[in-house]
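Both ligands and their constituent atoms are indexed starting at 1 by order of listing. Since the structure is predicted, the reported quantities are computational estimates derived from the model, not experimental observations. FYI, side chains are in, hydrogens and waters are out, and symmetry mates aren't considered; it's all heavy atoms of this structure.
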Amino acid sequence: MPLVAPSLLSANFLQLQKDCDMLNDSQADWYHLDVMDGRFVPNISFGPMLISFFRKATSKTCDVHLMIEEPERYAADFQQAGADIITIHAEACIHLHRNIQQLKSLGVKAGVALNPHTPIQVLSEIIREIDLVCLMSVNPGFGGQQFIPHTLVKIRELKEMINSSGSKALIEIDGGVTLDNAPSIVAAGADVLVAGNTVFKAADPIATIAQLKKTVAA
Ligand code: DX5
Ligand code: ZN
C-alpha cells in the first residue's frame, strides 16, 4: 500500500483546524507541507511559523517540501518548527551533498526533489545518502495542475537506480495525482502519493484518502 501525503496547500486556510482534524481522522500517513519563496517558484506560500502550528495539530509525519533557493539558510528553522522530513530541490543547491549532510546533522530525514526536466542521473552519486526522492510530476508552484505522463518513465528508472545501489530511499510523486492515475504511478514503483486537489476538493476527503491508500498497481 502506498503512503498517502495530502498537501495542505489545497486546504482551506480559514478553517485549518477543521482540515487538520479531518486528516488526523483519516488514513493519511503524512502531512505534505509546501514552502514556496517566490523566487525558486513563481508563488509564495508559508514558512516555519505555520509549520509549527501544523506540528501542534498532528502527530503524523510532517513532510516539508522546500521550493526555495538556498535552503541551507532555513533548514534549521524548519527542523525547529517540527519537520520530520525536509526535502530540498537539486536545482536550488550548488552543494547538494553538503546540504544533505546538513539535514542529517539536524536529525531530520533528508529528501531531494527533482523538477520534471531534471534527469534522475543527478542523484546517482548520492542516492545512498538520502531517505526520499520527490519526483515532481508538474512544474512546481501551484496545486491543481495536470500530471506529466513522462514521470512514469522516470519512476521506473529511479526504482532501478535505488534497487541496484542498495539505497533505502522512498519515491514520492508530487503533482496531479488522481484516483485515476494512482494505479499506474504505484505500478511504476512509487511509494508515496502526494495529493492536494484530489483530497481537498473531493466531496468526501476521508473516503478519497482511503481510496488512494487502497491503490492497487495497474
Ligand atoms: C506543487 C506542490 C504540490 C501541490 C500538489 O508545487 O509541490 O505538493 O500542492 O497539488 P495537486 O495534488 O493539486 O497537484
Ligand atoms: Zn509538494
Side-chain angles (χ1 to χ4, degrees), residues 2-13 16 19-20 22-23 26 28-48 50-51 54 60-69 71 74 78 81 83-92 108-118 130-152 154-155 170-186 190-203 205 208-209 211-213 215:
L3 298 173
V4 176
S7 166
L8 275 295
L9 191 64
S10 302
N12 180 345
F13 278 61
L16 279 177
D19 284 349
C20 290
M22 178 280 288
L23 289 184
S26 79
D29 296 282
W30 297 354
Y31 276 33
H32 183 83
L33 303 169
D34 287 307
V35 177
M36 304 180 180
D37 66 353
R39 288 182 59 82
F40 181 72
V41 288
N43 193 10
I44 299 176
S45 59
F46 50 78
L50 201 59
I51 286 174
F54 287 126
K60 297 196 190 230
T61 294
C62 284
D63 170 32
V64 175
H65 178 193
L66 296 185
M67 285 162 275
I68 67 175
E69 290 185 357
Y74 298 97
F78 285 103
D84 299 296
I85 305 168
I86 296 181
T87 295
I88 55 181
H89 268 263
E91 303 85 359
V108 295
K109 300 243 191 239
V112 176
L114 301 182
N115 282 337
H117 77 277
T118 304
I130 59 186
D131 301 294
L132 179 87
V133 178
C134 174
L135 289 184
M136 293 308 305
S137 38
V138 298
N139 285 293
F142 304 94
Q145 302 182 77
Q146 285 269 321
F147 181 84
I148 298 171
H150 180 71
T151 311
L152 296 175
K154 290 178 81 176
I155 301 173
L170 297 176
I171 302 178
E172 176 179 65
I173 302 307
D174 189 7
V177 173
T178 65
L179 290 172
D180 287 337
N181 62 23
S184 56
I185 294 170
V186 169
D191 305 294
V192 188
L193 301 174
V194 174
N197 274 30
T198 290
V199 166
F200 286 99
K201 306 290 180 240
T208 303
I209 292 167
Q211 272 176 280
L212 283 170
K213 196 67 199 155
T215 304

**Request:** Tell me, with the steps shown, if I86 and L66 meet side chain to side chain contact (heavy atoms under 4.5 Å, CB included).
**Result:** CA-CA 7 Å; I86 296 181; L66 296 185; 3.7 Å; yes
**Item:** Backbone N/O of P116 and side chain of K154: donor-acceptor pair under 3.5 Å
**Value:** yes
**Asked** Under 4.5 Å between any side-chain heavy atoms of T87 and D174, yes or no?
**Response** no
**Message:** Contact between ligand 1 and D34 is defined here as a heavy atom of the residue under 4.0 Å from a ligand atom; is it met?
**Reply:** yes
**Request:** Starting from atom 10 (O) of ligand 1, locate the nearest protein heavy atom and write down its residue, its atom name and how far away it is, to 0.1 Å.
**Result:** G143 CA, 3.6 Å
**Message:** List ligand 1 atoms under 4.0 Å from G144, heavy atoms only on the residue side.
**Reply:** 11 (P), 13 (O), 14 (O)
**Message:** Restricting to N, O or S, what is the name of the atom of H65 that lies nearest the Zn ion (ligand 2)?
**Reply:** ND1
**Message:** Please check whether A195 reaches ligand 1 - meaning an N/O of the residue sits under 3.5 Å from an N/O of the ligand, judged on distance alone.
**Reply:** no
**Prompt:** How far is atom 14 (O) of ligand 1 from its nearest protein heavy atom, and which residue and atom is that?
**Reply:** G176 N, 2.9 Å
**Prompt:** Does T215 use its side chain to pair, donor to acceptor, with the backbone of P183 at less than 3.5 Å?
**Reply:** no
**Prompt:** When you measure from atom 12 (O) of ligand 1 to every protein heavy atom, which one gives the shortest distance, and what is it?
**Reply:** G196 N, 2.7 Å
**Message:** For the CE atom of M136 and the CE atom of M67, what is their distance to the nearest 0.5 Å?
**Reply:** 6.0 Å
**Protein contact of atom 6 (O) of ligand 1 - nearest heavy atom, named by residue and atom, plus distance** = G141 N, 2.7 Å
**Message:** Which of the numbered atoms in ligand 1 are under 4.0 angstrom from any heavy atom belonging to H32?
**Reply:** 8 (O)
**Closest protein heavy atom to atom 1 (C) of ligand 1, given as residue, atom name and distance to 0.1 Å** = F142 O, 3.6 Å
**Message:** Please give the atom name: the N, O or S atom of D34 nearest to the Zn ion (ligand 2).
**Reply:** OD1
**Prompt:** Which ligand 1 atoms does L9 reach within 4.0 Å, using its non-hydrogen atoms?
**Reply:** 9 (O)
**Asked** For residues N115 and T118, is any side-chain donor paired with an opposing acceptor at under 3.5 Å?
**Response** no
**Request:** Report the distance from atom CG of L8 to atom CG of L23, rounding to the nearest 0.5 Å.
**Result:** 6.0 Å
**Request:** Please work out which of the three classes, parallel, tilted or perpendicular, describes the rings of Y31 and F54, given edges at 30° and 60°.
**Result:** perpendicular
**Request:** Would you mind listing which atoms of ligand 1 come within a distance below 4.0 Å of any non-hydrogen atom of D174?
**Result:** 2 (C), 3 (C), 4 (C), 5 (C), 7 (O), 8 (O)
**Request:** Would you mind reporting whether L50 and L16 have side-chain heavy atoms less than 4.5 Å apart?
**Result:** yes
**Message:** I need the atoms of ligand 1 closer than 4.0 Å to a non-hydrogen atom of M67, numbered in the order shown.
**Reply:** 6 (O), 7 (O)
**Message:** I'd like to know if D84 and K60 make a salt bridge, using a cut-off of under 4.0 Å between side-chain N and carboxylate O.
**Reply:** no
**Prompt:** What are the atoms of ligand 1, with element, lying closer than 4.0 Å to any heavy atom of H65?
**Reply:** 7 (O)
**M36: numbered ligand 1 atoms lying under 4.0 Å from its heavy atoms** = 6 (O)
**Asked** So which of the N, O or S atoms of D174 lies nearest the Zn ion (ligand 2)?
**Response** OD2
**Asked** Would you say V177 and ligand 1 have an N/O pair spaced under 3.5 Å apart?
**Response** no
**Message:** By the definition side chain to side chain donor-acceptor pair (under 3.5 Å), identify the one residue from D34, N197, D19 that meets it with S10.
**Reply:** N197
**Request:** Using only N, O or S atoms, tell me which atom of H32 is closest to the Zn ion (ligand 2).
**Result:** NE2
**Message:** Closer than 4.0 Å to some heavy atom of N197 - which atoms of ligand 1 meet that?
**Reply:** 11 (P), 12 (O), 13 (O)
